[in-house]
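Since the structure is predicted, the reported quantities are computational estimates derived from the model, not experimental observations. Numbers restart at 1 for each chain; the letters A, B, ... are given by sequence-line order, proteins then strands.
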Amino acid sequence: MFIRYIDVTVMKPSEFNHIILPMRDELLRYALRLTGSADNADELVQETMLRLWGMRSRLNAEGNLAALAMTIARNCHLDQLRHESHSAQMTEHMDVAIEDRGAELRDETRLIRSIIAQLPPLQQQIFRMKEIDGYTADEIMQITGCTADNLRRNLSRARMKIRETYMQIMMKGEKQ
Amino acid sequence: MRTISDQKRLDIRTLIERYMAGETTNEEETTLRQWFRLAGDAVPDEWRPLRAMLSFVDEERDALDKVTESKGNDSDTGEHYKPNRMTLVMRCLHRPRTWISSAVAAAAVGTALLVPRFTSIVGSEPQNYAVIDGKVYTNPKIVKEEAMDALQTVATDDDPFSALNMMQ
């Protein structure tokens, strides 16, 4: 006998928000202990919520979601630490890569993709959800639990960083 | 080559500033993308980074649209862009089968227990189902009975590893 469980649930941001909202404060305290900074803790919680959203079709509201969220938060924090050490050398690495592949200087979208891949994980995810997946600001706020101001700031940072890095790389390419 | 009138340039500049500040709505961003698409090369140099960014977004949205269309649109909910990211659970399923044999019995019990729980999260409509020997069942009671039967089959066997043979 072979039994296969299939979940076809399509959870809406408001439903997700209803499930995860009660544990947000506890998660925020945990994130604060991990990061030692209120701003970083808030971003860590947002990223955790986005990862939970990514696996929403498999979430069980009666399971230990808080424990799952904390595990994800810890892993996100470790990812962030790795990302920070990696992105310190970001411009140099990217310039080398572009120099090695001169033809790609003209391939704008590939260049943009490379730049986005170097953004902090939270900014990458928010940029993707807003620009490509077509979520509204309200939906993203419901999913992450962040404020409108916080969302605006992260979106702005992502877009500014993409623009600045693109200009730096193109200017360097033109000089050669 | 088309030229951009001063008024149009002012409108677009204002929109760009709001976009870069993260203040634009989805509709305004669509307008901006359409404008850059139509403008082509007739954009000032200072806007070229933005044109590249929005061109990337256009490409990604087109690619996502194709994936969505091939899988069937979710027109009932009106949500056009549902990400097709591989979830953590799906990643686990792509790992080597080392865990499969030991999870057979647990999965059967989990199936029976999860069906009513998920329905309680998303509402009263029966949206979840189980496939047993190729047939679809939505009745949690039947699923539970079948799962218990499967467990019974495993439990009565003297050889604790014989469940592995059933999978071959």
Could you check if a side-chain atom of B:Arg51 sits within less than 4.5 angstrom of a side-chain atom of A:Glu108, using non-hydrogen atoms only?
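Yes. Closest side-chain heavy atoms under 4.5 Å.
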State, with a plain yes or no, whether a side-chain heavy atom of B:Glu60 is found less than 4.5 Å away from one of A:Arg128.
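They are in side-chain contact.
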Is it the backbone or the side chain of B:Glu59 that comes under 4.5 Å from a heavy atom of chain A, or both, or neither?
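For B:Glu59, the side chain is the part near chain A, not the backbone.
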Against chain A, label B:Thr30 side chain, backbone, both or neither, depending on which of its atoms sit under 4.5 Å from a heavy atom there.
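Neither part.
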Please report the C-alpha distance between A:Lys130 and B:Glu29 in whole Å, then the side-chain angles of each, then the deciding distance to 0.1 Å, and finally whether the salt bridge (charged side-chain N to carboxylate O under 4.0 Å, His left out) criterion is met.
CA-CA 10 Å; A:Lys130 184 74 163 61; B:Glu29 286 159 18; 2.8 Å; yes
Assigning hydrophobic clusters by single linkage (Ile, Leu, Val, Met, Phe, Trp, Tyr; side-chain heavy-atom cutoff under 4.5 Å), is A:Leu28 placed with A:Leu32?
no
Closest approach of [X] and [Y], non-hydrogen atoms and distance?
| X | Y | value |
| --- | --- | --- |
| A:Ile132 | B:Phe56 | CD1-CE2, 4.0 Å |
| B:Leu64 | A:Asp133 | CD2-OD1, 3.4 Å |
| B:Met53 | A:Arg163 | CE-N, 4.2 Å |
| B:Thr24 | A:Arg159 | OG1-NH1, 3.9 Å |
| A:Ser156 | B:Gly22 | CB-N, 4.1 Å |

OH of A:Tyr135 to CG of B:Asn26: how many Å apart, nearest 0.5 Å?
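Those atoms lie 12.0 Å apart.
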Find the distance between CE (B:Met20) and CE (A:Met160) and round it off to the nearest 0.5 Å.
5.0 Å
Find the one option among B:Thr25, B:Val57, B:Asp58, B:Leu54 whose heavy-atom pairs under 4.5 Å with chain A are most numerous.
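Heavy-atom pairs under 4.5 Å are most numerous for B:Val57.
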Do you know which of B:Ala63, B:Ser55, B:Ala52 has the most heavy-atom pairs under 4.5 Å to chain A?
B:Ala52
Donor-acceptor contact present, side-chain B:Arg61 to main-chain A:Glu131, <3.5 Å
yes
Just so I understand: if I count every heavy-atom pair under 4.5 Å between each of A:Leu155, A:Thr136, A:Asn154, A:Leu151 and chain B, which residue has the most?
A:Thr136
When only pairs under 4.5 Å are counted, which of A:His18, A:Arg113, A:Met167 shares the most heavy-atom pairs with chain B?
A:Arg113
